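The first residue in the sequence is number 1, and the count goes up from there. These figures come from a predicted structure and were not determined experimentally.
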Amino acid sequence: QRDLNIATKLNVSGQYKGKDTSNGNKEDSTGLNAVFWGPEVNATIGDSFGTFVSYDIPLEIQNSGLQAVATYRIRGGIRYRF
């Protein structure tokens, strides 16, 4: 018999990228600080199989110039343990 377990949680994650250096000079438009939060759903079946999916939205984004930044993130994964 295989047991099905489902759990939810709230994630808080961050992203940091310092300013790049080119030819010894710091580039002013390449730094990024971001904080994301959002729900995650985990499911496990028995002891071997598991999966998760999460959806993160930004609480705060600070970038140092004109650059593309994420407006949301979707993450997922599958695991099998033997």
Using side-chain heavy atoms (C-beta onward) and a distance below 4.5 Å, is Ser13 in contact with Asp56? yes
Distance in Å, Phe52 CZ paired with Arg75 CZ, rounded so as to fall on 0.5 Å steps: 5.5 Å
With the 4.5 Å side-chain cut-off for hydrophobic clustering, are Tyr16 and Val69 part of the same group? no
Pair Ser54, Arg73 - check side-chain hydrogen bond (donor to acceptor under 3.5 Å, both in side chains), show working. CA-CA 8 Å; Ser54 66; Arg73 298 190 302 193; over 6 Å; no
Out of Asn11, Val41, Ile74, which residue meets the side chain to side chain contact (heavy atoms under 4.5 Å, CB included) rule with Tyr55? Ile74
Working note: Arg81 + Asp47, criterion salt bridge (charged side-chain N to carboxylate O under 4.0 Å, His left out); need CA distance, chi angles, decisive distance, verdict. CA-CA 7 Å; Arg81 185 172 20 183; Asp47 292 330; 5.9 Å; no
Hydrophobic clustering (ILVMFWY, side-chain heavy atoms < 4.5 Å, transitive) - are Leu4 and Ile78 grouped together? yes
Do Lys19 and Thr21 come within less than 4.5 Å of each other through their side chains, counting heavy atoms only? no
Close side-chain approach of Thr44 and Arg79, heavy atoms under 4.5 Å: yes
Backbone of Gly31 reached by a side-chain donor or acceptor of Ser64 within 3.5 Å: yes
Would a 4.5 Å heavy-atom cut-off, applied to side chains only, mark Asn42 and Ile6 as touching? no
Could you check whether any side-chain heavy atom of Ile57 comes within less than 4.5 Å of a side-chain heavy atom of Phe36, counting everything from C-beta outward? no
